[in-house]
Amino acid sequence: MNSDKEILKVAMPKGRIYKQALKLFREAGIPIPGDFDDTRKLIIEQPEAKMEFIMAKPVDVPTFVEYGVADIGIVGKDVLMEEDKDVYELLDLGIAKCRMSVIGLPDWKPTIQPRVATKYPSVASAYFREQGQQVEVIKLNGSIELAPLIGLADRIVDMVETGQTLRENGLIEMETIFGITSRLIANRVSYRMKNDSIQSLCDRLQETIATKG
Ligand code: PRP
């Protein structure tokens, strides 16, 4: 039963996905006021939409959903691949398109002790293992493109969206590992207990995505 009191807790990723996610929700007819766009509030109740939004660092969205403090969440496929959490992946939202790539300097040559810097150590390790290449993976938390420029690593594994960061730093994409879009994920128990609300949101979003082509 879809009770009137049933509120969906939605973990929203702050940062690059956020505005596109809000836009998609609005296009799907979910009432989200304009002051959401620039708020610093971390928990926002939206009774009109029967939702409560939890503003999270993107990498934490799957954790909040796995533990059930959020029923559903929006997160990039990059984070899902790296975090490997026990959540349902319900829908490809088709927003925040980018890709995970191996990147290096144009004059890159194989080295005896290859080092790869990345924000995504699990993804990078799995990729090079599959390629049969032994590399040392160095975890960084941002500005990954610095690593080959300052001699910390000979290659990096990172996300490429417009390619501007690569161009401005004289780096090239050597290999694409996988394409990335944002996904709607759900907690396994919430998906059963709040199935009507979650499914109806899913249907609305899916229709909107289909209409947009
Ligand atoms: C991401 C990513 C690249 C850049 C790619 O970094 O790690 O550095 O965006 O985008 P582009 O292809 O459009 O240039 P982010 O902006 O999240 O910051 P970070 O360096 O702190 O990780």
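Whatever order the structure lists ligands and atoms in, that order sets their numbers, starting from 1. Sequence positions, counted from 1, serve as the residue numbers for this chain. All values reported here derive from a predicted model rather than from experimental measurement.
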* Check: Leu166 N/O within less than 3.5 Å of ligand 1 N/O -> no
* Asked: Hey, looking at atom 6 (O) of ligand 1, which of Arg16, Arg167, Met100 has the closest heavy atom?
  -> Arg16
* **For atom 5 (C) of ligand 1, the protein heavy atom that lies nearest, with its residue and separation** => Met159 O, 3.4 Å
* Of the listed options Glu145, Lys119, Arg99, closest to atom 8 (O) of ligand 1 (non-hydrogen atoms) -> Glu145
* Asked: Would you find more than 12 non-hydrogen atoms of other residues, nucleotides or ligands less than 6.0 Å from Lys9 atom NZ?
  -> no
* Asked: Can a salt bridge be assigned to the pair Lys194 and Asp71 using a cut-off of 4.0 Å between side-chain N and carboxylate O?
  -> yes
* To do: State the atoms of ligand 1, each with its element, that fall below the 4.0 Å cut-off from a heavy-atom position in Asp158.
  => 2 (C), 3 (C), 7 (O), 8 (O)
* Asked: Can you list the ligand 1 atoms lying under 4.0 Å from a non-hydrogen atom of Val160?
  -> 12 (O)
* Asked: Got the closest protein heavy atom to atom 20 (O) of ligand 1, with its distance?
  -> Ser143 N, 2.8 Å
* Got the closest protein heavy atom to atom 21 (O) of ligand 1, with its distance? -> Gly142 CA, 3.7 Å
* **Heavy-atom nearest neighbour in the protein, as seen from atom 4 (C) of ligand 1, with distance rounded to 0.1 Å** => Thr165 OG1, 3.6 Å
* Test item: side-chain donor near acceptor, Arg167 and Thr165, under 3.5 Å -> no
* To do: Could you walk me through whether Glu161 and Lys97 pass the salt bridge (Lys or Arg N to Asp or Glu O under 4.0 Å) test, one step at a time?
  => CA-CA 7 Å; Glu161 190 175 11; Lys97 280 196 181 118; over 6 Å; no
* For atom NZ of Lys212, is the number of surrounding heavy atoms from other residues, nucleotides or ligands below 6.0 Å larger than 12? -> yes
* **CZ (Phe178) with more than 12 external heavy atoms under 6.0 Å** => yes
* Could you tell me whether Arg188 sits above the aromatic face of Tyr88, with NZ or CZ closer than 6.0 angstrom to the six-membered ring centre and within 45 degrees of the axis? => yes
* Within reach of ligand 1, part of Thr162 (heavy-atom separation under 4.0 Å) -> both
